[in-house]
There are 2 protein chains.
Amino acid sequence: MNLKILAKELNLSFSTVSKALRDSHEISPATKQRVLEKAKELNYQVNPLASNFRKQKSKTIAVIIPEVVNDFFGPVINGIESIAQEKGYHVLIYLTHDSMQKELEISKLLQNGRVDGIMISLASQTSNTDHLNILKEKEIPLVFFDRIASEVGTPVVITDDYHCGFIATEHLITNGCKHIAFLTISENLSISNDRKNGYLDALKANNIKHDQALIRFCNEDDMSNKDNIKNLFSGNNQPDGIFASVEKLAVATYQICEELTLNIPKDVKVITFSNSYMAALLNPPLSTITHPAFEMGRESATILFKLIEKKGLNRIPKKTVLKSNLIIRASSVR
Amino acid sequence: MNLKILAKELNLSFSTVSKALRDSHEISPATKQRVLEKAKELNYQVNPLASNFRKQKSKTIAVIIPEVVNDFFGPVINGIESIAQEKGYHVLIYLTHDSMQKELEISKLLQNGRVDGIMISLASQTSNTDHLNILKEKEIPLVFFDRIASEVGTPVVITDDYHCGFIATEHLITNGCKHIAFLTISENLSISNDRKNGYLDALKANNIKHDQALIRFCNEDDMSNKDNIKNLFSGNNQPDGIFASVEKLAVATYQICEELTLNIPKDVKVITFSNSYMAALLNPPLSTITHPAFEMGRESATILFKLIEKKGLNRIPKKTVLKSNLIIRASSVR
DNA sequence: CTGTTAGCGCGTTCAT
DNA sequence: ATGAACGCGCTAACAG
């Protein structure tokens, strides 16, 4: 079943049929009608592979993220999908598992027209952006969200991480914390650094001397992270507040506090970045900074499609900043 | 940059170059070497759109699921992706949001060679399978996982839902429950029915008369679900055990119990199907039946690729059953 | 308004 | 071992 056969059935040339199917203005309504009916009758559908090839467009976008089992990236995908579907686009998902090597390989796969645009949130291990510059040079529409590389120069969508780092830290200070530890996951990531800077500036603004020993870099390994956190409490400068930059580190903190019979929030106050609706159900309920994940997906997808369709290009902001919410619960108040 | 240009640079015909790149035996090693080097030098990559078109293969599979913000479907995608990547395939994600209409539209998009194979977990609203039969008739490799339509006749991968429904119910009975409510989400879904049948048979096996008023169908709306659950406790037959078939209903139960100042597990015992690692952190820790989600993704993807590659077709089981784990925590023991 | 024609870039068959 | 030629199915430029 293809255009040729359909055209023969209709005694029309296949180019006429092709135009009719795409509702071209140069085809008479009567013919369109006939073609459409016959197409339906014979259950004709264009061969997307041929059509894509001919147009050198795939009607597909790629989303590159570190992981999918995640209360942030999940809703982001929802947001992206909601826009992609409106636009009639398909969504490819690629997972880097926070590996720069994987990110590189994936980028390579996408250099050659397989997708019409790319949205990416960087792997925590990504320390240089050559692979992304190549995509940019090839003029493949590219949007960064959350974990960005602003030096590439394509549009980025982020949240107010610095500000949130600042106010979360101040919140702990207001609630009596004097020794606040900061748990982070990467030295490369834009978000980690923004959050950390917010934390540091809040300490400074409140005349609290920052202690490098209270800043802990964690990794993928839960065990070593727990040791790392436990170790905090056996140092000279024991923390009375923990600010975790990702949820899993707050959870690890809960587990360590249970182990060490430290009461949250009496002995240690805890706050974290997290999008899990379960945070409210923990014991005690966990204070969070929560991102507008769905909106971030929609916003970045909207920008990507402007890039793809080359519409309103001059009105695309280089940087879009969405507001996150500080949700205070029992874990961080005295 | 294409084959023709590359061939010109090498003073070879482009068919020779094409063959060399695909390591054809009819090309001399020396030429292959030359071609490969030049290709690398000029950073040549095949145009995937042209290649796909020519071969009528997309090197892409589709995964159709109800939602992605979910501790079950997330790891399933991980499992699928891990296999797809090994095989050099791309993964398209489609979300039905549990709507049959969406599922139908998506199926239609995939009828025409856009993907080489499809993995699907049905929308809870899906009540007939015509759209899936069409895919089968078109001989598109198709695998069902978790929420299956076995009547279509393509391979399915599930967990032992009936058995888990049975043992979870027996567990509640063993812990003293005599009035066990069952919270479910759909009358269409294979998994819901299997779980319910396990529940009913466990009651029967323990000489407990089942009360239809204790079986509640819930929906997408959190508010009405909560009302529904609250209503359970104002009926004649107040439950002393709640068996939730999905996590969000257990969470709603926790919230209602808090509201009604009912103690879990003293007044009501709770158990649920859930894959959230946070279950252990709730107050009280929540007993769960936990699926091997990652494994399910890998298993179904493995089967799909056998279908796609037509390898070992006779060794593909019509039905693969994976074992789930009953994880007893404080919410369900006396 | 309809038809004819020429590729898109690649893979394959057949000839040399 | 290499090259010439065809066509996958569709779109679009051009003719009529």
Side-chain angles (χ1 to χ4, degrees), chain A residues 1-39 42-60 88 90 109-116 138-140, chain B residues 1-39 42-60 88 109-116 138 140:
Chain A
M1 186 70 243
N2 60 25
L3 256 193
K4 217 185 274 178
I5 298 176
L6 180 59
K8 191 167 285 172
E9 289 284 327
L10 285 157
N11 281 323
L12 286 170
S13 80
F14 71 92
S15 77
T16 304
V17 176
S18 170
K19 284 175 196 162
L21 288 172
R22 272 167 306 105
D23 202 28
S24 162
H25 57 274
E26 28 178 330
I27 303 295
S28 76
T31 315
K32 277 182 191 168
Q33 180 77 1
R34 266 186 69 216
V35 170
L36 253 38
E37 274 170 15
K38 200 67 171 178
L42 301 183
N43 193 27
Y44 170 79
Q45 291 175 257
V46 300
N47 179 328
L49 262 31
S51 174
N52 288 343
F53 166 55
R54 180 58 234 253
K55 294 189 285 194
Q56 288 296 313
K57 286 274 169 245
S58 62
K59 277 274 181 182
T60 303
H90 304 256
L109 286 176
L110 303 180
Q111 282 175 26
N112 256 293
R114 185 178 293 278
V115 295
D116 298 344
K138 298 217 170 193
E139 297 188 346
I140 300 169
Chain B
M1 187 70 241
N2 59 25
L3 258 193
K4 215 186 277 179
I5 299 177
L6 180 60
K8 191 168 285 172
E9 289 284 327
L10 286 157
N11 281 323
L12 286 169
S13 82
F14 72 92
S15 74
T16 305
V17 176
S18 170
K19 285 172 194 164
L21 288 172
R22 272 166 308 103
D23 202 28
S24 162
H25 57 274
E26 27 178 333
I27 303 296
S28 74
T31 315
K32 278 182 191 168
Q33 179 77 3
R34 266 185 70 216
V35 170
L36 253 37
E37 275 171 13
K38 199 67 170 179
L42 300 183
N43 193 28
Y44 169 80
Q45 292 175 257
V46 300
N47 179 326
L49 261 33
S51 174
N52 288 343
F53 167 55
R54 180 60 236 257
K55 294 189 285 194
Q56 288 295 312
K57 286 273 169 247
S58 62
K59 276 276 180 181
T60 303
L109 286 175
L110 303 179
Q111 281 175 27
N112 256 293
R114 185 179 293 278
V115 296
D116 298 345
K138 299 218 170 192
I140 300 169

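Out of D:dA4, C:dC10, D:dG9, the shortest distance to the side chain of B:Tyr44 is found at C:dC10. When distances are taken from the side chain of A:Ser13 to each of D:dC8, C:dT4, C:dC10, the shortest belongs to C:dT4.
Residues passing the side-chain hydrogen bond (donor to acceptor under 3.5 Å, both in side chains) test with B:Glu9: none are found, sequence neighbours excluded. Remark: B:Thr60 engages no residue in a side-chain hydrogen bond (donor to acceptor under 3.5 Å, both in side chains) (not counting sequence neighbours).
Annotation: salt bridge (Lys or Arg N to Asp or Glu O under 4.0 Å) contacts involving residues 10-21 of chain A, sequence neighbours excluded, comprise A:Lys19-A:Glu26.
By the 4.5 Å heavy-atom criterion applied to side chains, B:Asp23 and B:Lys32 are counted as neighbours.
Rounded to 10°, the helix from C:dC1-D:dG16 to C:dT16-D:dA1 has 40° between the axis fitted to its first five pairs and the one fitted to its last five.
Counting non-hydrogen atoms under 4.0 angstrom, A:Leu3 reaches a base of the nucleic acid.
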Using atom names, set out every protein N or O paired with an N or O of nucleotides 12-16 of chain D below 3.5 Å, distance rounded to 0.1 Å.
unit_1 : atom_1 : unit_2  : atom_2 : d
D:dA12 : OP2    : A:Arg22 : NH1    : 3.2
D:dA13 : N6     : A:Lys19 : NZ     : 3.3

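Taking a 6.0 Å sphere around NZ of B:Lys8, one finds it holds 12 or fewer heavy atoms contributed by other residues, nucleotides or ligands.
Distance, A:Leu12 CG to C:dT4 C1': 14 Å, rounded to whole Å.
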Report, one line per pair, each donor and acceptor closer than 3.5 Å where one atom sits in a side chain of residues 43-51 of chain A; sequence neighbours left out.
unit_1  : atom_1 : unit_2   : atom_2 : d
A:Gln45 : OE1    : B:Asn112 : ND2    : 3.2
A:Gln45 : NE2    : B:Lys108 : O      : 3.4
A:Asn47 : OD1    : A:Leu49  : N      : 2.8
A:Asn47 : OD1    : A:Ala50  : N      : 3.2
A:Asn47 : ND2    : B:Gln56  : OE1    : 3.0

